[in-house]
Structures are given as structure tokens and as C-alpha cells.
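One structure is given here, and the rest of the page talks about it.
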2 protein chains.
Amino acid sequence: MQLNQQTDLALRALILLAEEEKNNPPRLLTIREISEFHRISRNHMMKVINTLVENNFIEAKRGQNGGLKLSRPSNEIRVGDVVRALENHWNLVECFSPQRQNCQILPSCQLKHVFHRALSAFLAELDQCTLADIPLKRP
Amino acid sequence: MQLNQQTDLALRALILLAEEEKNNPPRLLTIREISEFHRISRNHMMKVINTLVENNFIEAKRGQNGGLKLSRPSNEIRVGDVVRALENHWNLVECFSPQRQNCQILPSCQLKHVFHRALSAFLAELDQCTLADIPLKRP
DNA sequence: TTAAATGATGCATATAATATGCATCTATGA
DNA sequence: TCATAGATGCATATTATATGCATCATTTAA
């Protein structure tokens, strides 16, 4: 079981942006800065950033002196919501997918309820945590 | 986020074997029967069955009149344990993988603890459920 | 004793999902 | 008006997963 790498990168970018917000005054960070810091291809990070903008976790400003910042205070951005937005599907098992419904015991199978409960428990735990709860430890 | 198909198939096979146990006397089911019932390639189902045997969820008997049965009563086989055995890794995020440790903020990042808690919550929910708790509904 | 039935194993290939890169567009401000 | 920055769409590479094939090992009924 794994999340896709984009979810991982999104959280790393957000953690960086949350750290920047603590500075006085905070700067806008560029995609180039974030991708170089994390040693990730700029193109790849760009996709992730775009998704974060679409979902209103961060605001982007184009042009010279442009860049990115959190669109809300860090304690209002829940890890669970980020994961929900970045994962492109939640088809834990075949019967969760509207496309793939070939399971022969689908109507009478109770298993789907169990997995729904487990998934809820997983996300509920992530919802307990905001960006403000996971500051980078300073040495 | 998804489990691999083998985990799904393993559970479907186990559900069938648990149903068979209710018959008097119960028969041994063959891989061929199970794979044809679920309309899955026999080869593919065989891999799954082998893993279930290795992990002592079921017992296999070779030769004529051979087949498969649960190695324990259905109420002693927890869904969580099956999922643990079938999923080949639990690298939810990069920093969980011993091989891939490229994250620049790894030592000071708190995120891993959050994901550990979420994963525990997910599996704890599955541990609440045994094969006996998910009988096929009879019409 | 042997042949058919059954599971076990290793390797090869196909398919699908994901990651990555490239080219080009749009917006901003010095 | 040009350099800088994000936005978007498409193409390709890589990886993980699913699937198939061939062959071996074990059991037991005939």
C-alpha cells in the first residue's frame, strides 16, 4: 500500500511554505526554489503545485517577484484534506471502483463495509493533524 | 490509494473457503474451482493461494481429491492479518522505504509519525473483523 | 506400480499506472 | 517590452503489477 509520490511532494512543499510563513516578513517561494530544495524536477513539482492551487491550499502569483504562499493559516490546512485532494482515486478494492465491478460475490459481500470503515479511520487520523502540528524541528 | 489485486483475490478466496466450512461435511476446494468461480486466471489465483498457504491461513493437500481448506476456524482469521501478509510493502510515503531515503527534510520532519498513526488506525479497524464476521448473505 | 489429479515454483511477457520531460501559453511588473 | 514566473497539454520513460507458460513435486485411486 502506498500513496502516490505527488501526495508526498505536495506535503513537502506545504511544509516548506508553512515554515516560510513564520518569517517576518514572509517571502513568496517560487516553484524553482521549492523543487531545487527538494531536488525534484521542476516540471514534476509544477504539476503538484498546480493541484494545490486548484484546491485552494496555496495562492500563486505570476510574473516578476511572483511565487507561492499558503492561502490559509497553517493551522487551518489539514493533512487529511491534502491527501484527499492529491490522491486520484480511492479504489482500495475492486468493488470500490465504478468501472470495475466484476466481483462475483459483490451484492452479498460484506467486505466493502469493513474497508470503508478502515479508510475512514485512516483519514480521520490525518484530519487530526494540520501543517501547524508538523513544524520542522530546528537544530 | 489502493491495495493490490492479490490482496483482494486472497480475501475472496478465503470468503469462499469460510462458506464451505459451514457445510456438513465440508469439502476441500481446488484452486481450479475457486478461480473459475471468481473468473480469474488459474495461474494468477495460484500465486495468491500459495501466499495464503505460506502464511498459514489455509492448508493445501496435493494429489487426487486434494484441495484447500482454512487452517483455523474462520473466527480466528483476521482480515487485518491477511492484508498484512498479502501487501508486499507499506511504504506509504518515501521515508518509510529503507531504499528510498532522499527526502531533504527527513530528520526533522514530523510527518512520518502522522502517517504511522493513520496506518495503525487503518489496520486496527481491519483487525476488528474476522472471516466469520463477513459471511455471504444468503438470498 | 503407474497415471491422473492437484498444488508449487521460476521465468517471461503484457499491461497499466506513474513519473518525467518538453514545448508553448498566459500573466505580472520592473 | 522583456524577463520572470506560473499554467497547460502532450509525449516518453520507468516501474509496478498482472498474466501466462512450462515444468516440477506430491498424493492417491485404479
Side-chain angles (χ1 to χ4, degrees), chain A residues 1-10 12-13 17 27-36 38-69 71 86-94 97 99-100 102-103, chain B residues 1-10 12-13 17 27-36 38-69 71 86-94 97 99-100 102-103:
Chain A
M1 189 164 97
Q2 68 183 335
L3 301 176
N4 68 38
Q5 191 185 330
Q6 296 204 1
T7 305
D8 198 353
L9 294 185
R12 292 190 212 174
L17 288 164
R27 292 190 303 114
L28 299 183
L29 300 185
T30 66
I31 294 179
R32 183 177 299 276
E33 274 179 293
I34 295 172
S35 61
E36 283 178 357
H38 284 303
R39 301 189 190 173
I40 298 294
S41 124
R42 182 165 162 271
N43 294 288
H44 196 36
M45 183 59 88
M46 206 175 284
K47 302 265 161 70
V48 175
I49 295 292
N50 288 166
T51 307
L52 289 172
V53 172
E54 280 168 22
N55 286 276
N56 200 34
F57 293 112
I58 61 182
E59 283 173 15
K61 190 182 175 195
R62 295 187 190 186
Q64 273 188 345
N65 302 325
L68 309 160
K69 63 167 188 167
S71 58
L86 269 287
E87 285 298 298
N88 26 21
H89 71 83
W90 292 96
N91 303 327
L92 218 51
V93 282
E94 181 185 305
S97 162
Q99 283 81 42
R100 304 175 55 232
N102 302 318
C103 181
Chain B
M1 189 164 96
Q2 68 182 337
L3 300 177
N4 69 37
Q5 191 185 330
Q6 296 205 0
T7 305
D8 198 353
L9 295 184
R12 292 190 210 174
L17 288 164
R27 292 189 303 113
L28 298 182
L29 300 186
T30 66
I31 294 179
R32 184 176 300 276
E33 274 179 292
I34 295 173
S35 60
E36 282 177 0
H38 283 302
R39 301 189 189 173
I40 298 294
S41 126
R42 182 166 162 272
N43 293 288
H44 197 35
M45 184 58 89
M46 204 174 286
K47 301 264 160 73
V48 175
I49 295 293
N50 288 166
T51 307
L52 289 172
V53 172
E54 281 167 23
N55 286 275
N56 200 35
F57 293 112
I58 62 183
E59 281 173 16
K61 190 183 175 193
R62 295 187 189 186
Q64 274 189 344
N65 302 326
L68 309 160
K69 64 167 188 167
S71 57
L86 268 288
E87 286 297 300
N88 25 22
H89 71 82
W90 292 96
N91 304 328
L92 217 52
V93 282
E94 181 186 304
S97 163
Q99 283 80 41
R100 304 172 57 232
N102 301 317
C103 182

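These figures come from a predicted structure and were not determined experimentally. Here is how names work: the chains are called A, B, and so on, in the same order as the sequence lines, proteins then strands, and each is numbered from 1.
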When rounded to whole Å, the CD to P distance for the pair A:E94 and C:dA17 reads 13 Å
Here the distance between atom P of C:dA17 and atom NE2 of A:H89, to the nearest Å, is 8 Å
- Message: Under the criterion side-chain hydrogen bond (donor to acceptor under 3.5 Å, both in side chains), I'd like the reasoning laid out for A:E59 against A:S71: C-alpha separation, chi angles, the key distance, then a yes or no.
- Response: CA-CA 5 Å; A:E59 283 173 15; A:S71 58; 4.9 Å; no
Per nearest nucleotide of DNA chain C, the residue lying toward the 5' end, A:N88 or B:R42, is B:R42
When rounded to whole Å, the CD to C1' distance for the pair B:Q2 and C:dA16 reads 10 Å
**Item:** From CA spacing to verdict: side-chain contact (heavy atoms from CB on, under 4.5 Å), B:L92, A:M1
**Value:** CA-CA 6 Å; B:L92 217 52; A:M1 189 164 97; 3.9 Å; yes
Sorted by number, residues from residues 44-56 of chain B placing a heavy atom under 4.0 Å from DNA chain D are B:H44, B:K47
From CD of A:E59 across to P of D:dA5 the rounded distance in Å is 19 Å
Hits for side-chain hydrogen bond (donor to acceptor under 3.5 Å, both in side chains) against A:R42, two or more places apart or cross-chain, chain-then-number order -> none
When you measure from the side-chain N and O atoms of B:S41 to the phosphate of D:dG20, is any distance below 4.0 Å, counting only OP1 and OP2?
yes
Checking D:dA5, D:dT19, D:dA29 against the side chain of B:Q5 (C-beta onward), the nearest is D:dT19
Report task. May I ask you to verify if any side-chain N or O of A:N65 is less than 4.0 angstrom from the OP1 or OP2 atom of C:dA30? Result -> yes
B:R39 atom CZ is separated from D:dT19 atom C1', nearest whole Å, by 19 Å
Taken to the nearest whole Å, CG/A:L86 to C1'/C:dT18 is 14 Å
Rounded to whole Å, the CG-P distance (B:L3 to D:dA16) equals 17 Å
_Once you apply a heavy-atom cut-off of 4.0 Å, does A:N43 come out as touching a base, just sugar-phosphate, or nothing?_
base
Of D:dT28, D:dA18, D:dA5, the nucleotide closest to the side chain of B:K61 is D:dT28
Looking only at D:dG6, C:dA19, D:dT4, the nucleotide nearest the A:Q64 side chain is D:dT4
**Prompt:** With side chains defined as the heavy atoms from C-beta onward, is the minimum distance between B:E87 and B:L3 less than 4.5 Å?
**Reply:** yes
B:N91 atom CG is separated from C:dT18 atom P, nearest whole Å, by 16 Å
Under the side-chain contact (heavy atoms from CB on, under 4.5 Å) criterion, do A:L29 and A:K69 qualify, and how do the steps go?
CA-CA 7 Å; A:L29 300 185; A:K69 63 167 188 167; over 6 Å; no
**Item:** B:T7 vs B:V48, side-chain contact (heavy atoms from CB on, under 4.5 Å): CA-CA, chis, key distance, verdict
**Value:** CA-CA 8 Å; B:T7 305; B:V48 175; over 6 Å; no
Sorted by chain and number, sequence neighbours left out, side-chain hydrogen bond (donor to acceptor under 3.5 Å, both in side chains) with A:Q6 holds for none
